[in-house]
Amino acid sequence: MAAPGDPILTARDLWVSYGSEPVLRGIDLTLVEGGAPVGVIGPSGAGKTTLVHTLLGTVTPSRGSVTFRGHATHRLGRRDKKVFHGAVRHVSQYGVPTHDPRLTAQRYLDGALKDARRAGRTHPTTVDGLLTFVALDPAYAARSVVTMSGGERQRLALAHALATRPDLILLDEPLTAIDPGLRAEVLRRLAGLTADLGIAVLLVSHDLESIERLCSEVHVLADGELVASGRLRDVLATANHPAVVDLAEAAPLTAQRLR
Ligand SMILES: Nc1ncnc2c1ncn2[C@@H]1O[C@H](COP(=O)(O)OP(=O)(O)OP(=O)(O)O)[C@@H](O)[C@H]1O
């Protein structure tokens with residue numbers, strides 16, 4: 001039985017290459033049960049999405065390993081894979097992955113609630129409640145997902161992941177397509193709900209403000225390496241890597257507030 005603080009996903013000396021040049025270089029990262037949200041921030045092309053896919057097992061590392069509760073993810077049997085997919089959910093920057101015009105928000109979220117019941121992962125929520133949580137009008141339940149805007153699809157994907165009450169949620173730029181005010185509000189709600197339900201979060205983003213709103217611990221990813229780690233305030237205060245300096249310069253108001 002997993003207890004708070006036990007590792008859920010652990011990456012050890014993770015190296016990934018698509019061609020000859022490594023995209024991830026020796027990443028060490030541990031995400032724990034019920035842990036406070038962890039952020040990975042880095043510029044475009046730093047390797048953030050690759051890191052998420054490697055944690056999920058959809059990209060195979062050339063060196064190093066990812067373990068789920070102590071078991072190598074690339075060697076999970078069918079049953080353990082099912083457990084893994086219930087425990088660890090992913091929300092990509094592209095939102096709901098569908099081209100099916102018949103898929104409504106209601107059907108999509110109903111499916112997630114059904115999955116949650118089957119896996120014993122329910123929490124007191126409904127389709128209306130989930131839509132409202134991500135700041136979508138409950139009338140959207142009847143909408144075909146393919147007719148929704150990018151920002152609406154992103155929020156629907158987030159609602160879907162939350163419906164299944166995972167132990168860990170991997171968020172890859174999940175709210176980039178919505179305006180900063182709404183993004184701040186959804187992140188605020190997300191921080192509250194994940195804390196209440198004990199869901200651990202990894203947020204990868206290039207946006208310092210989003211990371212600040214959700215994450216107490218951050219890692220800076222630059223050219224495939226984690227070059228600084230700690231509380232965001234401390235990381236910015238001791239910025240001695242050019243990538244950290246660039247981050248602070250790109251969001252001067254946030255950086256100034258934190259210093
Ligand atoms: N399937 C692939 N084949 C070849 N190269 C890839 C592939 N996926 C990513 N890359 C390259 O790996 C590097 C890291 O990409 P990745 O998408 O992980 O970065 P990122 O930090 O998520 O970027 P962004 O913030 O722009 O989404 C980039 O140079 C990218 O072009």
Side-chain angles (χ1 to χ4, degrees), residues 9-31 37-66 73-74 88-97 149-151 153-158 161 168-180 183-184 186-187 190 201-215 217-230 232 235-236 239 241-252 254-255:
L9 269 188
T10 308
R12 282 280 164 268
D13 192 27
L14 213 54
W15 289 72
V16 171
S17 303
Y18 294 113
S20 52
E21 270 299 291
V23 171
L24 294 183
R25 305 158 189 263
I27 302 286
D28 289 309
L29 185 69
T30 302
L31 300 161
V38 173
V40 170
I41 187 163
S44 189
K48 302 182 296 297
T49 296
T50 300
L51 174 60
V52 169
H53 283 293
T54 313
L55 292 174
L56 286 165
T58 49
V59 166
T60 309
S62 48
R63 204 168 99 191
S65 64
V66 178
T73 45
H74 65 282
V88 180
R89 290 277 168 166
H90 169 223
V91 178
S92 95
Q93 57 191 308
Y94 304 111
V96 182
S149 73
R153 284 174 73 140
Q154 281 188 333
R155 280 177 285 155
L156 188 62
L158 179 61
L168 169 66
I169 190 166
L170 305 177
L171 303 173
D172 185 357
E173 307 274 19
L175 299 169
T176 43
I178 62 176
D179 63 81
R183 189 185 308 141
V186 175
L187 286 170
L190 186 62
V201 178
L202 177 75
L203 172 66
V204 309
S205 179
H206 60 262
D207 177 31
L208 192 63
E209 203 171 316
S210 296
I211 293 278
E212 182 217 352
R213 287 192 186 278
L214 190 65
C215 306
E217 181 193 343
V218 298
H219 303 276
V220 181
L221 185 67
D223 278 334
E225 272 183 281
L226 295 182
V227 296
S229 299
L232 185 55
V235 165
L236 291 174
H241 190 282
V244 182
V245 175
D246 287 351
L247 271 177
E249 280 177 6
T254 309

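Counting starts at 1 for both ligands and their atoms, in listed order.
Atom 29 (O) of ligand 1 has its closest protein heavy atom at Gly45 O, 4.3 Å. Nearest protein heavy-atom contact of atom 9 (C) of ligand 1 is Tyr18 CE1, 3.3 Å. Considering only non-hydrogen protein atoms, atom 16 (P) of ligand 1 sits nearest to Thr50 OG1, 3.7 Å.
Protein heavy atoms are found less than 4.0 angstrom from atom 26 (O) of ligand 1. Atom 7 (C) of ligand 1 is flagged as protein-proximal [any protein heavy atom, distance under 4.0 Å].
Going from atom CG of Asp207 over to atom CD of Glu212 covers 10.0 Å, rounded to the nearest 0.5 Å. For the atom pair Ile211 CD1 and Glu217 CD, the distance stands at 11.5 Å (nearest 0.5 Å). Expressed to the nearest 0.5 Å, how far NE2 of His219 lies from CD1 of Ile27 amounts to 9.5 Å.
Applying the 4.0 Å criterion to heavy atoms of Val23 picks out, from ligand 1, the atoms 12 (O), 13 (C), 14 (C). Within ligand 1, the atoms closer than 4.0 Å to a non-hydrogen atom of Pro43 are 21 (O), numbered from 1 in the order shown.
The pair Asp13-Arg63 counts as a salt bridge, with a side-chain nitrogen and a carboxylate oxygen less than 4.0 angstrom apart.
Within the 4.0 Å heavy-atom shell around ligand 1 one finds Ala46.
The two residues Asp172 and Val52 make their nearest non-hydrogen contact at CB-CG2, 4.5 Å.
For Gly47, a nitrogen or oxygen atom sits less than 3.5 Å from a nitrogen or oxygen atom of ligand 1, counting backbone and side chain alike.
Proximity of a side-chain donor or acceptor of Lys48 to a complementary backbone N or O of Pro43 within less than 3.5 Å is detected.
Across the listed options Val59, Thr49, Leu221, Thr49 owns the non-hydrogen atom lying nearest to atom 22 (O) of ligand 1.
The only option from Gln93, Arg183, Gln154 that meets the side-chain hydrogen bond (donor to acceptor under 3.5 Å, both in side chains) definition with Thr176 turns out to be Gln154.
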